[in-house]
Amino acid sequence: MNSELRRLLERLSEGNVSVDEALDALGNTYTDLGYAKVDDRRSQRTGFPEAIFCPGKTPEQVANIGVTLRDAGEVVIATRADQEHAAALLAAVPEARHIENARLLIAGRAPDLEGLVAVVTGGTSDIAVATEAAEVAAALGAEVERYWDVGVAGIHRLLANRERLERADVIVAVAGMEGALPGVVAGLTDAPVLALPTSVGYGASLGGIAPLLTMLNSCAPGVAVVNIDNGFGAGYLAALLLRGRQRRQ
């Protein structure tokens, strides 16, 4: 439970706030900045915070949204940030980390989750997207291990890490080109596999459409697919799977 909500309920039970005041506090579910209605209590509903998608926003807007989330006690996650977005957010939220190759900024960390997320890539060219997935999952409380450049063109590299991958509770498999990696991984382990296609590849990969279709058509069960280059979505879903399992234990 969110600490702010817990404090409100404790104050209500102690008689320090009225029922109407508590309802008003619960009803104020976002902060209106004019250009953005910041969902700064999203973690109370869903367990995880709203993220900032930077393209189309000015650096000042990104910074102000970040401050609003930070001041509400939320983890700040800003995705697809350019250098100007990053500079503005770092000035406003100096505790944030800038993961440049993933175009990502993060401040804070959600409570620890039980379970392990493994993020694997087909090639070195997929690392930027995979890093976004790994960093987001970690910011949302997951333990994360990374296995880079273990694609099917040299499958012995994947098989050399098989025992370690078998410890994972969720696997994010990141690949471009033909996108075969998730299906192979799903055939080697009992963990759910989140397939993350990237736009890496030659002309016939069609900017990630080819690996996306390969992953959607995988004959290995247990594969779920997110959108092309959507590292944020894959990392979020991996953490959400861990959280759902933890709640039911």
Side-chain angles (χ1 to χ4, degrees), residues 1-12 16-111 128-129 131-142 196 199 226-240 243:
M1 181 184 293
N2 182 276
S3 58
E4 183 181 350
L5 178 58
R6 178 181 290 277
R7 287 194 296 272
L8 175 62
L9 293 176
E10 288 173 346
R11 293 178 64 207
L12 178 63
N16 294 324
V17 296
S18 69
V19 171
D20 287 340
E21 288 172 332
L23 287 172
D24 286 342
L26 290 172
N28 184 19
T29 56
Y30 62 85
T31 296
D32 194 345
L33 299 180
Y35 49 81
K37 293 177 174 60
V38 184
D39 193 2
D40 50 9
R41 298 189 182 186
R42 182 175 296 184
S43 63
Q44 293 180 11
R45 303 192 315 276
T46 69
F48 294 139
E50 178 178 27
I52 307 167
F53 182 71
C54 294
K57 297 180 177 69
T58 68
E60 292 75 19
Q61 289 171 340
V62 169
N64 290 336
I65 295 169
V67 168
T68 302
L69 291 168
R70 190 271 313 275
D71 290 350
E74 297 280 64
V75 178
V76 179
I77 301 174
T79 68
R80 305 303 165 94
D82 62 23
Q83 291 298 324
E84 292 183 350
H85 290 132
L89 185 57
L90 288 169
V93 185
E95 65 270 31
R97 296 184 297 114
H98 185 197
I99 304 98
E100 292 191 48
N101 69 326
R103 295 179 291 166
L104 184 68
L105 292 103
I106 293 174
R109 189 176 190 272
V129 174
T131 297
E132 182 180 32
E135 292 285 349
V136 167
L140 297 179
L196 172 52
S199 52
V226 300
N227 210 345
I228 299 165
D229 291 337
N230 187 10
F232 168 79
Y236 185 103
L237 182 54
L240 193 63
R243 186 173 186 274

Item to check | Over all atoms of both residues, closest heavy-atom pair of R42 and E74 | outcome: N-OE2, 3.4 Å

Checklist entry - With distance as the sole criterion, is a donor-acceptor pair present between the side chains of S199 and D229 under 3.5 Å? => result yes

Side-chain donor-acceptor pairs under 3.5 Å in residues 48-60, sequence neighbours left out?
unit_1: E50; atom_1: OE1; unit_2: D39; atom_2: N; d: 2.8
unit_1: K57; atom_1: NZ; unit_2: F53; atom_2: O; d: 2.6
unit_1: T58; atom_1: OG1; unit_2: Q61; atom_2: N; d: 3.0

Next on the checklist: On a heavy-atom basis, which atom in A139 and which in I77 lie closest, and how many Å separate them?
Outcome noted: CB-CD1, 4.4 Å

Checklist entry - So, for A133 and L196, which heavy atoms are closest and what is the spacing to 0.1 Å? => result CB-CD2, 4.2 Å

Item to check | Spatial distance of atom CG (L90) from atom CZ (R97) [nearest 0.5 Å] | outcome: 11.0 Å

Checklist entry - Which atom pair, heavy atoms only, marks the closest approach of A91 to P94? => result O-CD, 4.1 Å

Next on the checklist: Walk me through whether Y236 and T46 qualify under side chain to side chain contact (heavy atoms under 4.5 Å, CB included).
Outcome noted: CA-CA 11 Å; Y236 185 103; T46 69; 3.8 Å; yes

Item to check | Nearest-0.5 Å distance, CD1 of residue I65 to OG1 of residue T31 | outcome: 11.0 Å

Item to check | Passing option when V93 is tested against I106, L69, V67, D71 for side chain to side chain contact (heavy atoms under 4.5 Å, CB included) | outcome: V67

Item to check | Residue pair V75 / G108: nearest heavy atoms and the distance that separates them | outcome: CG1-O, 3.7 Å

Item to check | Interatomic spacing from CD in Q83 to NE2 in H98 - rounded to 0.5 Å | outcome: 5.0 Å

Checklist outcome for this item: In this structure, CD of E132 is separated from CG of N101 (nearest 0.5 Å) by 10.0 Å

Next on the checklist: Could you report the tightest heavy-atom contact between L105 and A81, atom names first, then the distance?
Outcome noted: CD1-CB, 3.4 Å

Checklist outcome for this item: Distance col, row I99:CD1 vs E135:CD, nearest 0.5 angstrom, shows 4.5 Å

